[in-house]
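Chain naming here is simple, since letters A, B, ... match the order of the sequence lines and numbering starts at 1 in each.
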Amino acid sequence: MTDPLVALGPVFRSALGKAFGAELADTDPVLRSSQHADFQANLALPLGKRLGRPPREVAGALVAELGTSELVEKTEIAGPGFINIHVGNGWLSSALAEVAAGSLGLAPVAHPETVAIDYSSPNVAKEMHVGHLRSTIIGDALARVLEAQGHRVVRQNHLGDWGTPFGMLIEHLLDGGSESAEHSVRDLNAFYQAARKKFDDDPAFAERARRRVVLLQGGDADTLALWKKLVDASKAYFASVYALLGITLGDADVAGESLYNPLLAGVIAELCAKGLAVDSDGAVCVFPPGFSGREGEPLPLIIQKQDGGYGYATTDLAAIRYRVEKLGASRIVYVVGSPQAQHLSMVFAAAKLAGWLPATVRAEHVAFGSVLGADKKMLKTRAGETTRLIDLLDEAVSRARAIVAEKNPTLDAAEQETIARAVGIGAVKYADLSSDRIKDYVFDFDRMLAFEGNTAPYLQYAHARIRSIFRKGEAVVPPPSAIVIAQPAEKALAKLLLAFPTVVDDVATTLHPHKLCGYLFELATAFSGFYESCPVLKAGTPAERDSRLALSDLTARIVERGLGLLGIEAPARM
RNA sequence: GCGCCCGUAGCUCAGCUGGAUAGAGCGACGGCCUCCGGAGCCGUAGGUCAGAGGUUCGAAUCCUCUCGGGCGCGCCA
């Protein structure tokens, strides 16, 4: 363990055992970072109460057993019984050497899981819009974090590629005559809306569409071929958006609604056989306990509609079975907006009742709020239409292009373009990831592209600036063993550098990526403080210069890796 | 009507399983102009943590209620 906060755990366990007996050894030492020392342990107060002894006396007994070591350089008891801990610079130096020589402190978890992550999920033959932004960005960041921890991550892009709208979409495609599907999806909004309009206005068309749905569901070969054209064209389009956004989803990750089609009848049959599903007003429903509607009546999860059709609840249940039984997932993560909280918890409840979601498998809803416009309402264009995702991204990149051109005009055009994309896309992603996902946020280009504050450009700049030290000094990275912590600013930086793996663990557990953002911002700020007070290239001695160069390099690598876990690039110059 | 989520500085947000005077960024004001990219650093001002109870040695954090705001509540996904 290279994080001192983690390394202190066993030290306290041992001291607790010696001071108060084995049965109290596992007491949580309540270790926190401290403004009065490096760390503080707050356990003496509650423990004193349990033991019926004054907290300061308890703290004294613990401190006596803790003694001093490389790690625990000095302790003191403060106030009502806080134990302040000062960590030795030597310990920090060797921990940093280990981290710098290895994989930044990141280590594979002891028990890797298979984690299915359901995210992005756009609809075939429809434009991707802001509504897909958050799921795509958050899901991808979480997938990267879990993968970095050594878990087997199975991305599941739950495409909307099935259902009644495909009748009208296929008929509209046919009406286009020579027009190819590839051409049609070039303007997806227009394509879908035109189909919709014909469906609403033209009864003959609507009838054809309905017949087409029947053919589709019946497995008609020609119809399926047309359907596949639409799906393939859409997948190609989504791939282009993912490429621009830097999203790791590929064709192999597509697990659309149609995948579960053959499983739906079995889901219903089994629910009925188990007595969990009953007829209600002609529909087949499950009534999971604990959910009630407007009049306090039990709330149904409709698994088969009156007309015999299947709803999304059925698909969601089939997907759970697939992920548990076929994929072997022990953790299923749904990156889906908060309005679906009730629906998902009903699906989870039904799946548990049916035995498809055993106690060994966790299903988690990673809920998030809405993207708002400047008016604090759901983001729309001036015309009141939903904003195309691609338009938003293009504008972010073009604004970044202007900023880069202004700030660093000496770079050649190709590099400027690469940087503009990294900065523009990074800004959009970071703005989405950096605040608690449950809250709504206002989409504001100026703020997300600012080079001050908790933004991607600030962190990217911090990274580029560190890299520039090496260019400027024509320096090579010294060996890890060069690191010697001496100054307060170096120590502050060191403690943060060592906390990286703990923060990544925390994100993997809580699925709250904003904690990593907050950490990286803190780290970059600490580096600024270090850089201000500790000359690197102009250090007093060669050894000091090497130590600081190695610290700088380690900081740059962690910022780069941390941004990478969020799906954000860190150019070497900007 | 029931349920879920949110309400922290003028603005945008952190605040970890309750812990020592509630922290950043922007904006405002004032310093650092022989500075390794000043896209920086330091400082000042600014908060009844929506409100009221309760639990506790100790509450922004846990419980209850009230007030605001958002969302959901049978055949759309």
To the side chain of [X], which of [options] is closest?
| X | options | value |
| --- | --- | --- |
| Asn84(A) | U12(B), A20(B), C36(B) | A20(B) |
| Arg32(A) | G15(B), G40(B), G18(B) | G18(B) |
| His36(A) | A39(B), A20(B), C41(B) | A20(B) |
| Leu537(A) | G40(B), C2(B), C36(B) | C36(B) |
| Tyr461(A) | G72(B), C36(B), G37(B) | G37(B) |
| Gln342(A) | G72(B), C6(B), A39(B) | G72(B) |
| Gln35(A) | U21(B), C6(B), A24(B) | U21(B) |
| Tyr312(A) | C76(B), U8(B), G37(B) | C76(B) |
| Phe451(A) | G37(B), A39(B), C75(B) | A39(B) |

(message) Check for me whether Lys407(A) meets the cation-pi criterion with Phe451(A), that is, NZ or CZ under 6.0 Å from the six-membered ring centre and within 45 degrees of the ring axis.
(response)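 Yes, cation above the ring, under 6.0 Å and within 45°.
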
Measure the distance from [atom1] on [X] to [atom2] on [N] and round it to the nearest whole Å.
| X | N | atom1 | atom2 | result |
| --- | --- | --- | --- | --- |
| Phe287(A) | C75(B) | CZ | P | 13 Å |
| Met128(A) | A77(B) | CE | P | 20 Å |
| Phe199(A) | C76(B) | CZ | C1' | 13 Å |
| Phe368(A) | C13(B) | CZ | C1' | 20 Å |
| Glu452(A) | A39(B) | CD | P | 9 Å |
| Glu295(A) | G1(B) | CD | P | 12 Å |
| Asp440(A) | G7(B) | CG | P | 11 Å |
| Leu317(A) | A77(B) | CG | P | 14 Å |

(message) Checking Phe470(A) against Val536(A) for the side-chain contact (heavy atoms from CB on, under 4.5 Å) test, could you report, in this order, the C-alpha distance in whole Å, the side-chain angles of both residues, the deciding distance, and whether it holds?
(response) CA-CA 10 Å; Phe470(A) 286 84; Val536(A) 177; over 6 Å; no

(message) Parallel, tilted or perpendicular: which one describes the rings of Phe443(A) and Phe445(A), with boundaries at 30° and 60°?
(response)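 Rings of Phe443(A) and Phe445(A): perpendicular, over 60°.
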
(request) Assign the ring pair Trp162(A) / Trp227(A) to parallel, tilted or perpendicular, where the plane angle (0 to 90°) is split at 30° and 60°. (result)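 It falls in the perpendicular class, over 60°.
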
Name the nucleic acid region contacted by [X], choosing base, sugar-phosphate or nothing; use a 4.0 angstrom heavy-atom cut-off, strictly under.
| X | value |
| --- | --- |
| Phe521(A) | sugar-phosphate |
| Asp444(A) | nothing |
| Lys126(A) | nothing |
| Ser280(A) | base |
| Gly293(A) | base |
| Glu297(A) | base |
| Ala341(A) | nothing |

[atom1]-based separation of [M] from [N] [nearest Å]:
| N | M | atom1 | value |
| --- | --- | --- | --- |
| G18(B) | U56(B) | C1' | 9 Å |
| U8(B) | G15(B) | C1' | 9 Å |
| G40(B) | G27(B) | P | 10 Å |
| A24(B) | A45(B) | P | 12 Å |
| A20(B) | C57(B) | C1' | 13 Å |

(message) According to a cutoff of under 5.5 Å between the ring centres and under 30° between the ring planes, does Phe82(A) stack with the base of A20(B)?
(response)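 Here Phe82(A) meets both the 5.5 Å and the 30° conditions.
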
(request) Could you identify which residues of residues 39-49 of chain A place a heavy atom less than 4.0 Å from some atom of RNA chain B, listed by residue number, or say none? (result)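 Result for residues 39-49 of chain A: Gln40(A), Asn42(A), Leu45(A), Pro46(A), Lys49(A), sorted by number.
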
(request) Taking only heavy atoms on the protein side, list every residue of residues 463-473 of chain A lying under 4.0 Å from any atom of RNA chain B, sorted numerically. (result)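 Of all residues in residues 463-473 of chain A, the ones placing a heavy atom under 4.0 Å from RNA chain B are Ala464(A), Arg465(A), Ser468(A), Arg471(A), Lys472(A).
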
(request) In plain terms, say whether Asp553(A) and Arg467(A) are close enough for a salt bridge, that is, a side-chain N and a carboxylate O under 4.0 Å apart. (result)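 Salt bridge present between Asp553(A) and Arg467(A).
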
Check whether any side-chain N or O of [X] sits under 4.0 Å from OP1 or OP2 of [N], and answer yes or no.
| X | N | answer |
| --- | --- | --- |
| His343(A) | C4(B) | no |
| Tyr310(A) | C75(B) | no |
| Lys439(A) | A14(B) | yes |
| Ser528(A) | C41(B) | yes |
| Lys515(A) | C13(B) | no |

(message) Could you tell me if Asn454(A) and Tyr430(A) have a donor-acceptor pair between their side chains, going purely by distance under 3.5 Å?
(response)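 Present: a donor and an acceptor within the cut-off.
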
(request) Compute whether any side-chain donor of one residue and acceptor of the other, for Thr410(A) and Asn408(A), lie under 3.5 angstrom apart. (result)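 Note: Thr410(A) and Asn408(A) side chains meet the donor-acceptor criterion.
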
(request) Give RNA chain B the dot-bracket treatment, 5' to 3': Watson-Crick (N1-N3 with N6-O4 or O6-N4) or G-U (N1-O2, O6-N3) under 3.5 Å, [ ] crossing, | other strand. (result) (((((((..((((.....[...)))).(((((.......))))).....(((((..]....))))))))))))....

(request) Kindly give the heavy-atom pair with the smallest separation between Phe166(A) and Asp161(A), and that separation in Å. (result)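 Heavy atoms of Phe166(A) and Asp161(A) come nearest at CE1-C, 3.3 Å.
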
(request) Considering non-hydrogen atoms only, spot the tightest contact between Val130(A) and Leu379(A) and give its length. (result)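 Minimum heavy-atom contact is CG1-CD2, 3.5 Å.
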
(request) Determine, step by step, whether Asp38(A) and Lys491(A) satisfy the salt bridge (charged side-chain N to carboxylate O under 4.0 Å, His left out) criterion, reporting the C-alpha distance in whole Å, the side-chain angles of both residues, the deciding distance to 0.1 Å, and the verdict. (result) CA-CA 9 Å; Asp38(A) 292 320; Lys491(A) 189 173 192 181; 2.9 Å; yes

(message) Using the rule side chain to side chain contact (heavy atoms under 4.5 Å, CB included), only one of Ile268(A), Asp316(A), Val267(A) pairs with Ile303(A); which is it?
(response)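 Exactly one pass, corresponding to Ile268(A).
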
